[in-house]
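Along the sequence shown, residues carry numbers from 1.
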Amino acid sequence: MHRDELHTYLNDYLQSSRYRDYAPNGIQIEGKAEIRRITTAVTASQAAIEAAIAQQADALLVHHGYFWKGEAPAITGIKKQRIADLLAHDINLIAYHLPLDQHAELGNNALFARHFDCETVWQSAAEPLIWHAHIRPTTLSALLDRLAHDLDRLPLAVGENTGELTHIAWCTGAAQDYLQQAAAEGAQAYISGEYAERSYHEARESGCTYISCGHHASERAGIRALGEHLATTFGLDVAYYDEPNPF
């Protein structure tokens, strides 16, 4: 499959033009023109690049790429080493951030709903990155056990909640700052990847339990599903690399 054909397909499929993002979506570093083998990973770390090299991949497809808004523009240090290795092996770096968070079928947030016994799922009208669900009644303890089992990571919960949970909300990744909005919209518990010092106080004072389950752990599903979709649709050889990131 030609690189440009893959790029066009991904842009259309993920509707990347809809989003004003913090980094460029699509091809970030150009490599070889013909794509037969792809390595997918959550983040384009040095370890993911080395996995792509070992797999003789033509492209590294990730959720977290490079060139983020506000970062230093100089290509030095870690950034220089990563880019040098990609260029030396002629590997395309392709990244999709918000388009992969929000895709209706393969998005991180849509797939995150699989961790719950959902009766209805919807997105906030005020902030579509916040996803809500009415779930079958459960306890906080049971919810944490389910997340620990599914994500292979112990979640951290703050805030009192001893009753039944029937309304939860979530946004994968670093979305702890949506806690108060989710609480205002009726969520009894709000789940994301990271936490801040203020999250403790906001959870206790809003009455909405905050659950942090790890940025990496909360965003494995989307990129893996996207790779599987490309393998099925185009017959590409796709391998997922899961780095053991506890954060």
Let me have the donor-acceptor pairs involving side chains of residues 110-120, under 3.5 Å, with sequence neighbours excluded, atom names and distances please.
unit_1	atom_1	unit_2	atom_2	d
R114	NE	L111	O	3.2
H115	ND1	D150	OD2	3.0
T120	OG1	H134	ND1	3.3

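- Residues L61 and I29 do not share a hydrophobic cluster, clusters being chains of Ile/Leu/Val/Met/Phe/Trp/Tyr side chains in contact below 4.5 Å.
- In this structure the side chain of H132 reaches within 4.5 angstrom of the side chain of I130, judged on heavy atoms.
- L14 is not listed as a side-chain neighbour of L106, based on a closest heavy-atom distance of 4.5 Å or more.
- A heavy-atom distance below 4.5 Å is not found between the side chains of Y190 and I168.
- Between Y210 and S212 the shortest side-chain heavy-atom distance falls below 4.5 Å.
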Requested in this report: Check the pair Q176 / S199 against side chain to side chain donor-acceptor pair (under 3.5 Å), numbers first and verdict last.
Outcome: CA-CA 7 Å; Q176 61 270 35; S199 303; 5.6 Å; no
Query raised in the report: Could you walk me through whether L60 and N92 pass the side-chain contact (heavy atoms from CB on, under 4.5 Å) check?
Result: CA-CA 6 Å; L60 175 59; N92 294 276; over 6 Å; no
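- In plain terms, the two heavy atoms of S16 and N25 that are nearest each other are CB-CB, 4.3 Å.
- Although no hydrogens or angles enter the test, the distance criterion places a donor-acceptor pair under 3.5 Å between the side chain of S218 and the main chain of G173.
- Around the CG atom of D145, the shell of radius 6.0 Å holds more than 12 heavy atoms that belong to other residues, nucleotides or ligands.
- The number of heavy-atom neighbours closer than 6.0 Å to NE2 of H2, taken from other residues, nucleotides and ligands shown, is above 12.
- In this structure, K80 has no salt bridge (charged side-chain N to carboxylate O under 4.0 Å, His left out) partners at least two apart in sequence or on a different chain.
- Nearest heavy atom pair, residue A48 against residue E243, reads N-OE1, 4.4 Å.
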Query raised in the report: Going through the checks in order, is the side-chain contact (heavy atoms from CB on, under 4.5 Å) test met by T43 and N245?
Result: CA-CA 10 Å; T43 299; N245 184 343; 5.8 Å; no
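- Here the side chain of Q123 pairs a donor or acceptor atom with the backbone of P128 at under 3.5 angstrom.
- At distances below 3.5 Å, not a single donor-acceptor pair connects side-chain atoms of E202 with backbone N or O atoms of Q180.
- Between Y96 and H103, the distance from one ring center to the other does not fall under 6.0 angstrom.
- Across all their heavy atoms, A182 and A169 have their closest contact at CB-CB, 3.9 Å.
- The distance from the CG atom of L143 to the CD1 atom of I135 is 6.0 Å, given to the nearest 0.5 Å.
- A distance of 10.5 Å separates CG in D237 from CD in Q56, rounded to the nearest 0.5 Å.
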Query raised in the report: Should K69 and D21 be marked as a salt bridge (charged side-chain N to carboxylate O under 4.0 Å, His left out) after you check the CA-CA gap, both sets of side-chain angles, and the distance that decides it?
Result: CA-CA 9 Å; K69 181 180 179 180; D21 215 329; over 6 Å; no
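- One finds a salt bridge joining D58 and K32 here, because a Lys/Arg side-chain nitrogen approaches an Asp/Glu carboxylate oxygen to under 4.0 Å.
- Looking at every heavy atom in both residues, T39 comes nearest to A52 through OG1-CA, 3.4 Å.
- Distance check, rounded to the nearest 0.5 Å: CG of D4 to CD1 of I35 gives 9.5 Å.
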Report task. Evaluate the criterion side-chain contact (heavy atoms from CB on, under 4.5 Å) for residue pair I94 and R3; output intermediate values, then yes/no. Result -> CA-CA 10 Å; I94 308 173; R3 175 190 60 234; 5.7 Å; no
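- Sorted by first and then second residue, the pairs that involve residues 29-82 and meet ring-ring contact (aromatic ring centres under 6.0 Å, His included), not counting sequence neighbours, are H63-H97, H64-H215, W68-H97.
- Using a distance-only test at 3.5 Å, with no hydrogens or angles considered, a donor-acceptor pair links the side chain of Q28 to the main chain of P24.
- Both Y178 and V158 belong to a common hydrophobic cluster when Ile, Leu, Val, Met, Phe, Trp and Tyr are linked at side-chain heavy-atom distances under 4.5 angstrom.
- Surrounding OH of Y9 are more than 12 heavy atoms belonging to other residues, nucleotides or ligands, all under 6.0 Å away.
- In this structure, R153 contributes its side chain and P246 its backbone to a donor-acceptor pair below 3.5 Å.
- Cluster membership check: L165 shares its hydrophobic cluster with L151, using side-chain heavy-atom separations under 4.5 Å among Ile, Leu, Val, Met, Phe, Trp and Tyr.
- The shortest non-hydrogen separation linking S192 to A175 is OG-N, 3.1 Å.
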Requested in this report: Take N108 and Q102, measure what side-chain contact (heavy atoms from CB on, under 4.5 Å) needs, and give me the verdict at the end.
Outcome: CA-CA 7 Å; N108 287 317; Q102 291 295 86; over 6 Å; no
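- Annotation: the span from K79 atom NZ to T76 atom OG1 amounts to 7.5 Å, rounded to 0.5 Å.
- Aromatic ring pairs are classed by plane angle as parallel below 30°, tilted from 30° to 60° and perpendicular above 60°; the pair Y13 and H229 is parallel.
- W131 and H167 have their aromatic ring centers separated by at least 6.0 angstrom.
- With respect to the salt-bridge test (charged N to carboxylate O, under 4.0 angstrom), the residues R220 and D242 qualify.
- With a 4.5 Å cut-off on side-chain heavy atoms, T40 and L226 do not count as touching.
- Put simply, the side chain of L156 reaches to within 4.5 Å of the side chain of Y195, judged on heavy atoms.
- Counting heavy atoms from C-beta outward, D101 and T172 have side chains that approach closer than 4.5 Å.
- Hydrophobic clustering of Ile, Leu, Val, Met, Phe, Trp and Tyr side chains at less than 4.5 Å, counting indirect connections, keeps I91 apart from Y241.
- Here the shortest heavy-atom pairing between L6 and I38 reads CD2-CD1, 4.0 Å.
- Between atom CD of residue Q15 and atom CG of residue L98 there is a gap of 13.5 Å, rounded to the nearest 0.5 Å.
- A donor-acceptor pair under 3.5 Å links the side-chain atoms of R37 to the main chain of Q55, judged by distance alone.
- Here CZ of R82 is found 14.0 Å from CG of L87. Values are rounded to the nearest 0.5 Å.
- In this structure, the side chain of T8 does not engage the main chain of E5 through any donor-acceptor pair within 3.5 Å.
- L129 is not connected to I211 by any chain of hydrophobic side-chain contacts under 4.5 Å among Ile, Leu, Val, Met, Phe, Trp and Tyr, and they are in different clusters.
- Residues N109 and C171 form a side-chain contact, since some pair of their non-hydrogen atoms from C-beta on lies under 4.5 Å apart.
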